[in-house]
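Note that these values count all heavy atoms, side chains included, but never hydrogens, waters or copies made by symmetry. Note that the structure is predicted; figures quoted are calculated from it, not measured. One is the number of the first residue; the rest follow in order along the sequence. Counting starts at 1 for both ligands and their atoms, in listed order.
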Amino acid sequence: MSDKKNIRQEILLRLARENTPISDTPPQSAASYFGVNTFNDRAMRDYLPKDVYKKLRQTMRDGEKLDPGIANTVAHAMKEWAIDKGVTHYTHWFQPQTGLTAEKHDSFLEYDGNSVIERFKGSQLVQGEPDASSFPSGGARTTFEARGYTMWDPTSPAFIVDGPKGGILCIPSLFISYTGEALDKKTPLLRSMEALSNSALKVLRLFGKEDITRVHTTIGTEQEYFLIDKSFYNLRPDLQLTGRTLLGAPSPKGQQLDDHYFGSIKERVLAFMQDAEHELYKLGVPATTRHNEVAPHQFEIAPIFAEANVGADRNQVIMEVLKKIANRHNLALLLHEKPFAGINGSGKHNNWSMADSQGNNLLDPGDTPEQNLQFLIFLIATLKAVYDYGGLLRMTIASAGNDHRLGANEAPPAIISVFLGERLNKILDDIKKGKQSKKAEEYIIDMGIDKIPAILRDYTDRNRTSPFAFTGQKFEFRAVGSSASVSLPNTVLSAAVADSLDIILKDIESEMNAGQKRDDAVLKVLQKYVIETEPIRFEGNNYSKEWEEEAAKRGLPNVKTTGYALDFLIKENNTAMLERQNIYRKSEIVNRYHTKLEQYVTALEIEKQTLCDLVNTRVVPAVFEYQSRLLEVIKGLRDLNGLMDGEPFDEQTEILKEVTHLMRELRQRCSELEKTSSKTVSIESLPEQAKFYADYITKGMDAVREPADKLEQLLPDDLWPLPKYSEMLFIM
Ligand code: ADP
Ligand code: MG
């Protein structure tokens, strides 16, 4: 080999030389600075007059409408607080439908003709007006009426993002069109929380709970991600432009040894984690868990759960902070669901439950038969929601990225089913068989319903293969993708559970009107729904082939690609439920459907182009290099032949032939892909286009990858232009 090192090899040498960057976070107790960058309870009390503080708290805690009279005072206080912390600008921070967050910075400065002062008015706090025309709306607005406005969401605390020269005050906001249509993901989430609260309250009233004023949806997100060295990332346009490696031969060592999960954390990664946590704590995000995940260089971070809107905001903050801090540590954060083929993908376990206004978890069984009965209503309502709207839930997690992960051996399949665990299953099976002649009290004791908590408390059975598992006092929706906003899955889940609760409650009431006692009525209705929802329950191995067959027999949908899964959104019964629960207007559903289709098609189009670029500008030239090296050798050997006593040199020509053949194959497949892709322009309907991409473009890309990955394994290491899996996943 010549001493001319290629750029990959230089990185490897540099990484070996460099010291691990050490965290710049001084060790200190997290409690001493937790939340200092949020306009939290302490800040509000310090900066607001008492009566205003009280009113704002009520809005934040109980969802009461904000008194518009206090907006100016709150805005002024927020500004004072922020300026004391070196803030110069503010922004309405919101979640457009693209899943990222959006911000447009405005300064506090006001100029009165002579001098500048720093001012922040109530009207600026409450409402902002970004140029909405550039955000995806799925056709909600034509350009001339491209006006939308952002509206302060007082239920989620404002926070400060530190900048190199002064911070930015971020005001969590909603994004709405002038005709009142939600253009963001947060507004429907809030509506779903409202819907769930209304329905759940009615159930609690049935149990005489008059003092409960509200039910909160709670979520806790376990965020998975990969970290790789930034220099590798910079050499991979596919990672930069699409989030995943479009080419890459498997590393001889992958995750076979399972030696990464919960293993000790590398010092460089630990430094990153500590800095990220420091930043998150300042932002009031209680990130409490960190560990290595199954795949090499894969990790997880999980905060303590919160109310759904706050939890969803926090997850966005977590993703942003991880990205920012990784960059500071010369690392690249990969949030894509499947950055490396053949290696475990990343998800976001979305833990979901409901809590009443006194903090009681409604999916926690409780201590008395009555509490257990109430628990069973919420449990079975969730089962029913997943059973009735499994397809719709599948839609909520659909993305080009997640398509690679779902069903790929290490992640739940695209079939939505519920895991309850042996004990709960037994209880439900007993309810199913229950003799209706018995009195509820006897029945409860017979069925073991009086002792659910005792049973569940030492209950440790887990099924990691399930897409939707009951884990003690919450459900864990595990099929959510790692890069996704959790707003949509939670919106649909809460709406569907609200709807199931309504139906169950109506049935219970009609039994009671017919003369049944409450507990008898409850049990009778629950029995009906235990039977009805049985097909959604699955305790076995979700990764197995047999489950796919069994699920098909049960009539559960198994839609593998986003191009098809998005259609669940516009199915009659699904839209009817979403409208009935006041989550979306019809037009909002249509807009979202189109936005999601557009995003999917665009993502695949970018992937396709990036792949072709990589092949043409990196792989093919590298093959030429190798060919010319081989030719030189062959020529040299031929010249020498007389001296070699007729020793054959087939090896060299064999390799040359193989390489040449693979390159021809590669080029042919690329041009076939281009040809297939050119057909998309003639497909006018966007849904049809999405299906075409799902069926043909993805396959075309897989076909291109095959010979390219073989070439990677044949070419001399110094000629290969892209960082390899064995480097990105093992060297840091
Ligand atoms: P597990 O071992 O089941 O994953 P953890 O205790 O580690 O459980 O919790 C995982 C995530 O679930 C955390 O983010 C946690 O805050 C969240 N979680 C716990 N209880 C609830 C709840 N009642 N509602 C929503 N999320 C919850
Ligand atoms: Mg978990």
Exercise. Which residue pairs pass the salt bridge (Lys or Arg N to Asp or Glu O under 4.0 Å) test when at least one of the two sits in residues 393-403, sequence neighbours left out?
Worked result: R394-D403

For this session: Using distance alone, with no hydrogens and no angle criterion, decide if Q374 and K209 have a side-chain donor and acceptor under 3.5 Å apart.
Result: yes

For this session: Apply salt bridge (charged side-chain N to carboxylate O under 4.0 Å, His left out) to K323 and list each qualifying residue two or more places apart in sequence or on a separate chain.
Result: none

Exercise. Between the side chains of S353 and Q473, is a donor N or O closer than 3.5 angstrom to an acceptor N or O?
Worked result: no

For this session: Report yes if T218 has an N/O atom closer than 3.5 Å to an N/O atom of ligand 1; otherwise report no.
Result: yes

For this session: Name the orientation class of the two ring planes belonging to Y225 and F299 (parallel below 30°, tilted from 30 to 60°, perpendicular beyond 60°).
Result: tilted

Seminar exercise, completed: The atoms of ligand 1 lying under 4.0 Å from a heavy atom of E476, numbered in the order shown, are 3 (O), 4 (O)

Exercise. What are the two closest non-hydrogen atoms of P172 and P157, and how far apart are they?
Worked result: CG-O, 3.4 Å

Exercise. For ligand 1, is there an N or O atom under 3.5 Å from any N or O atom of A302?
Worked result: no

Exercise. Which of these, Q473, K474, Q223, H349, has its nearest heavy atom closest to atom 5 (P) of ligand 1?
Worked result: K474

Problem set entry | Test item: R290 side-chain N/O and L270 main-chain N/O as donor-acceptor pair under 3.5 Å | no

Exercise. Within the structure, does P303 bring an N/O atom to less than 3.5 angstrom of an N/O atom in ligand 1?
Worked result: yes

For this session: Check N351 against ligand 1 and report side chain, backbone, both or neither, counting heavy atoms closer than 4.0 Å.
Result: both

Problem set entry | Contacting atoms of ligand 1, where contact means under 4.0 angstrom from a heavy atom of I304 | 16 (O)

For this session: Check if N361 has a non-hydrogen atom at a distance under 4.0 Å from any atom of ligand 1.
Result: yes

For this session: Examine the proximity of ligand 1 to E222 and report which part, side chain or backbone, both or neither, has a heavy atom under 4.0 Å away.
Result: side chain

